[in-house]
Amino acid sequence: MAELDEKQESGVEFISGIMGEGFGNAFRAACMADRFGSPIPRMAASWAFHDAWQHQGLAPREKSMAVISALIAMRQPLELKNHVKIGIANGLTAQELEGLLVQLTPYVGFPCIASATTAVIEAMREAGVSPDVQTAEEKGLL
């Protein structure tokens, strides 16, 4: 098992505080593992969750909006789901998440937003926010 340096430990503690003990324990285990791919969560702990997320330039809600927007534009639905949950923990509402989808539509296109909307709805359900909202697939639209 790898030892975590100060920045990695700080990043693990930071994301554990936002995502909860279960996520934090799984993330810590991934960071400390010594197997294929293990350097990647250590990099995330250090760069993303220590250097970027703990930087004082933006408020946590603003950081969440920036990251969610970038992940939508990059068509990264799995990582988007995690960051929607982080955004909710940082105070974003369902209305604000919908607002991001609407705002980004002319810039990234309808197919991209359709995929992102499904990921956002699934993440909101998992976070206990707006569980009665249906995806386009569930409505029979895709």
Side-chain angles (χ1 to χ4, degrees), residues 1-138 141-142:
M1 287 204 146
E3 293 284 326
L4 301 183
D5 65 27
E6 280 185 47
K7 285 174 62 170
Q8 292 164 339
E9 186 62 42
S10 171
V12 169
E13 290 300 317
F14 177 82
I15 197 61
S16 297
I18 293 173
M19 294 293 282
E21 185 178 342
F23 184 94
N25 289 340
F27 187 63
R28 179 181 299 284
C31 287
M32 295 182 74
D34 190 20
R35 61 179 179 264
F36 181 85
S38 296
I40 297 167
R42 288 192 290 274
M43 290 167 56
S46 181
W47 292 352
F49 299 125
H50 175 78
D51 291 342
W53 275 97
Q54 295 184 58
H55 183 268
Q56 299 302 310
L58 295 172
R61 286 172 42 81
E62 294 166 331
K63 290 176 186 179
S64 283
M65 292 176 83
V67 172
I68 289 167
S69 295
L71 292 170
I72 289 170
M74 292 188 303
R75 298 180 182 209
Q76 298 298 316
L78 297 176
E79 194 68 18
L80 175 59
K81 287 177 70 171
N82 277 337
H83 281 278
V84 167
K85 294 175 199 172
I86 292 170
I88 291 167
N90 284 333
L92 292 180
T93 65
Q95 183 178 5
E96 290 169 321
L97 291 165
E98 181 183 44
L100 283 174
L101 293 166
V102 170
Q103 183 64 31
L104 290 169
T105 300
Y107 300 96
V108 299
F110 287 101
C112 180
I113 291 300
S115 299
T117 300
T118 295
V120 169
I121 290 170
E122 289 171 354
M124 288 192 312
R125 285 182 186 158
E126 292 169 14
V129 176
S130 298
D132 60 333
V133 177
Q134 288 186 310
T135 65
E137 295 91 337
E138 292 166 342
L141 298 174
L142 290 177

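- In this structure, the separation between CG on L80 and CZ on R75 is 12.5 Å, given to the nearest 0.5 Å.
- Atoms CG and OG, on N90 and S64 in that order, are 4.0 Å from each other to the nearest 0.5 Å.
- In this structure the side chain of I86 reaches within 4.5 angstrom of the side chain of I15, judged on heavy atoms.
- In this structure, H83 and W53 have parallel ring planes: the angle between them is below the 30° cut-off, well short of the 60° mark.
- Considering every non-hydrogen atom in both V129 and A94, the closest pair reads CG1-CB, 4.1 Å.
- Defined by atom type and a distance below 3.5 Å, a donor-acceptor pair is present between the side-chain atoms of E137 and T135.
- Looking at every heavy atom in both residues, V133 comes nearest to R125 through O-NH2, 2.7 Å.
- Side-chain contact between R61 and E96: present, with at least one pair of heavy atoms (C-beta onward) separated by less than 4.5 Å.
- Checked by atom type and distance alone, the side chain of Q56 pairs as donor or acceptor with a backbone atom of Q54 at under 3.5 Å.
- To the nearest 0.5 Å, atoms CD (E126) and CD1 (I88) are separated by 9.5 Å.
- A 6.0 Å sphere centred on CD of Q134 holds more than 12 heavy atoms belonging to other residues, nucleotides or ligands.
- With S38 contributing its side chain and A33 its backbone, the two residues share a donor-acceptor pair below 3.5 Å.
- The two residues K85 and A123 have their closest heavy-atom pair at CG-O, 4.0 Å.
- With hydrogens and angles ignored, the 3.5 Å screen pairs a side-chain donor or acceptor of S69 with a backbone N or O of M65.
- Considering all non-hydrogen atoms of both residues, P77 and A119 come closest at O-CB, 3.8 Å.
- K63 contributes atom NZ, which lies 14.0 Å from atom CD1 of I68 (distance to the nearest 0.5 angstrom).
- Under the side chain to side chain donor-acceptor pair (under 3.5 Å) criterion, the residue pairs touching residues 19-33 are E9-R28, E13-R28, with sequence neighbours excluded.
- If you take NZ on K7 and CH2 on W47, they are separated by 9.0 Å, rounding to the nearest 0.5 Å.
- Rounding to the nearest 0.5 angstrom, the gap separating the OG atom in S115 from the CD atom in Q76 is 11.0 Å.
- For the residue pair A30 and P41, the shortest heavy atom distance occurs at O-CG, 3.5 Å.
- The side-chain contact (heavy atoms from CB on, under 4.5 Å) with I113 is formed by just one residue from the set L100, L101, V120; it is L101.
- Residues M19 and N82 have side chains in contact (heavy-atom distance under 4.5 Å, counting atoms from C-beta outward).
- Between the side chain of R42 and the backbone N or O of D5 there is no donor-acceptor pair closer than 3.5 Å.
- Taking all atoms of both residues into account, the shortest heavy-atom contact from A44 to F27 is CB-CZ, 4.2 Å.
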